[in-house]
Engineer: 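Shown below is the structure under consideration.
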Amino acid sequence: MPIANPGRRLMRHVGLEFVAKKVAGGGHRSTNAALSLTSMIDFLVVTVVFLLMTFSASGEVPQAKGLVIPKAENALDMIDAPIVSVVQRQILVDGAPAGNTNSVIETDRMQRIDELFNMLKAKRELWKQTHPNKDFPGVAMLQIDQNIPAVVVKSVFQTAAFAGFPNVSFMVDKLPQSGAH
Amino acid sequence: MGGVDVGGGGGGKRKSLDSDINMIPMIDLLMVTISFLLITAVWSHMSRINADAQVPGPPRPDVEQEKVEPEKQLHVMMQTEDKFVLVWKQGSTTVDQIDVPRKDVTIHAGNQDVIRFPDLAVKIESEWKAKGQHSNPTDRKLDQAILHTDNKTEFRYLIGVIDAIYQTHRDMNLGSKIEKMPAFNITFAVN
């Protein structure tokens with residue numbers, strides 16, 4: 001009698017077909033898949049390079065809660081300056097309360113906002129003390145909600161100018177260029 | 001393992017110049033770098049639109065004041081709902097006045113409506129090309145635009161008009177290179 005290859009005999013007594021198939025190595029494809037190391041490293045390197053190129057060391061500009069910034073196309077890059085936020089009727093300078101716009105809205109007249117003026121003036125004096133041999137740049141950033149009326153915008157603008165910050169910038173969300181020019 | 005050939009290949013008993021990079025720490029490093037960059041990434045890019053309050057400095061008693069002829073300034077008036085009025089003034093003298101029909105174009109950007117005035121931008125550009133005083137690239141001074149608005153106008157409409165004014169660009173020589181810069185500097189009218 002010739003000697004035959006015995007073949008698989010393991011778990012023959014179990015009467016379940018799928019178990020027998022599994023043991024025999026048939027049925028579905030293995031759930032383990034091999035990753036191509038070269039492609040994976042290429043992908044990781046490209047991702048790292050992209051993220052490094054878009055990395056901003058200056059960090060995120062703090063945005064007051066509940067404030068919707070208007071969008072504009074012809075905008076410039078941000079610079080480091082005190083941020084005056086106007087949210088509803090509240091005014092904040094670098095996050096600290098600096099008065100409100102109640103009197104401006106109630107009288108509907110452009111006027112100086114004293115609390116804001118004093119706070120900005122104090123910031124200016126502090127800057128001059130810490131930078132004795134430099135010219136004060138006089139730059140302030142206004143972060144104003146898009147629905148605030150013009151009388152408040154002009155009052156805050158004028159107050160900043162009176163307090164020694166004549167170079168005022170309005171913070172906007174940059175729109176992509178439409179190619180108009 | 002990946003191999004890196006660093007050159008050489010001299011004979012004798014010198015140590016091999018081929019070295020292996022261990023893939024596991026390398027992939028770990030890449031993963032950690034990606035995680036760090038993703039966590040610290042800033043996805044909202046804020047920008048700014050410049051305005052200048054045009055505050056004159058104090059007069060200097062030691063310097064004799066020269067009589068300078070006032071420059072032409074473009075006054076953009078948006079007090080009425082149906083039109084903009086562009087007025088070129090030289091001092092208190094009105095040089096020219098044009099009405100531009102107001103067409104608000106609302107575009108949707110994300111979940112926000114953006115107001116734009118493309119017709120106004122085109123008209124301001126043609127006006128500046130005809131009457132602007134500072135167009136030479138070596139001239140660092142900008143033409144002045146003054147925005148007149150009523151008290152009730154919402155800030156987003158002001159930004160729409162300022163954006164339209166800043167659409168006019170000109171070449172400016174900044175020492176080493178010539179760059180496109182806005183042709184106007186903007187401020188608000190007090191009244």
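Chain naming here is simple, since letters A, B, ... match the order of the sequence lines and numbering starts at 1 in each. Source: prediction; values computed, not measured.
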Engineer: Given that the side chain runs from C-beta out, which part of Leu175(A) has a heavy atom under 4.5 Å from chain B: side chain, backbone, both or neither?
Structural biologist: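 Answer is side chain: those atoms of Leu175(A) sit under 4.5 Å from chain B.
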Engineer: Relative to each other, are the rings of Phe117(B) and Tyr157(B) parallel, tilted or perpendicular (30° and 60° limits)?
Structural biologist: tilted
Engineer: Are the side chains of Pro149(A) and Val152(A) in touch, meaning some heavy atoms are under 4.5 Å apart?
Structural biologist: yes
Engineer: Do the side chains of Lys123(A) and Asp94(A) get close enough for a salt bridge, i.e. N-O under 4.0 angstrom?
Structural biologist: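 Judged by the 4.0 Å cut-off on N to carboxylate O distance, Lys123(A) and Asp94(A) do form a salt bridge.
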Engineer: If you tally heavy-atom pairs under 4.5 Å against chain B, which of Ala72(A), Gly138(A), Ala160(A) wins?
Structural biologist: Ala72(A)
Engineer: Is Asn167(A) close to chain B through its backbone or its side chain, or both, or neither, when contacts mean heavy atoms under 4.5 Å?
Structural biologist: both
Engineer: What part of Ile162(B) gets closer than 4.5 Å to chain A, counting heavy atoms only: side chain, backbone, both or neither?
Structural biologist: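 Just its side chain gets close to chain A.
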Engineer: Does any backbone or side-chain atom of Val153(A) lie under 4.5 Å from a heavy atom of chain B? Answer side chain, backbone, both or neither.
Structural biologist: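 Only the side chain of Val153(A) comes within 4.5 Å of chain B.
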Engineer: Is the shortest heavy-atom distance from the side chain of Glu71(B) to the side chain of Gln133(B) under 4.5 Å?
Structural biologist: yes
Engineer: Looking only at non-hydrogen atoms, find the nearest pair between Trp128(B) and Thr168(B) and report the distance.
Structural biologist: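 Minimum heavy-atom contact is CE3-CG2, 3.7 Å.
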Engineer: Output the option from Lys152(B), Lys180(B), Met31(B) having the highest count of non-hydrogen pairs under 4.5 Å with chain A.
Structural biologist: Lys152(B)
Engineer: Could you look at Ile115(B) and say if it's the side chain, the backbone, both or neither that has a heavy atom under 4.5 Å from chain A?
Structural biologist: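 Neither part, no heavy atoms under 4.5 Å.
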Engineer: Using heavy-atom distances under 4.5 Å, tell me whether Ile49(B) contacts chain A through its side chain, its backbone, both, or neither.
Structural biologist: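 Its backbone and side chain both get close to chain A.
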Engineer: Hey, does Leu147(B) have a side-chain heavy atom less than 4.5 Å from the side chain of Met77(B)?
Structural biologist: no
Engineer: Count the heavy-atom pairs under 4.5 Å between each of Thr47(A), Thr38(A), Asp108(A) and chain B, then report the option with the highest count.
Structural biologist: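 Looking at each of Thr47(A), Thr38(A), Asp108(A) in turn, Asp108(A) comes out on top.
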Engineer: Which atoms of Ile34(B) come close to chain A, meaning under 4.5 Å heavy atom to heavy atom: side chain ones, backbone ones, both, or neither?
Structural biologist: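 Both backbone and side chain.
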Engineer: Parallel, tilted or perpendicular for Phe157(A) and Phe170(A), by the 30°/60° rule?
Structural biologist: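 If you compare the ring of Phe157(A) with that of Phe170(A), the planes turn out parallel.
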Engineer: Is a salt bridge present between Arg116(B) and Glu73(A), judged by a nitrogen-to-oxygen distance below 4.0 Å?
Structural biologist: yes
Engineer: Considering only heavy atoms and a distance below 4.5 Å, find which of Ile107(B), Ile27(B), Thr153(B) pairs most often with chain A.
Structural biologist: Thr153(B)
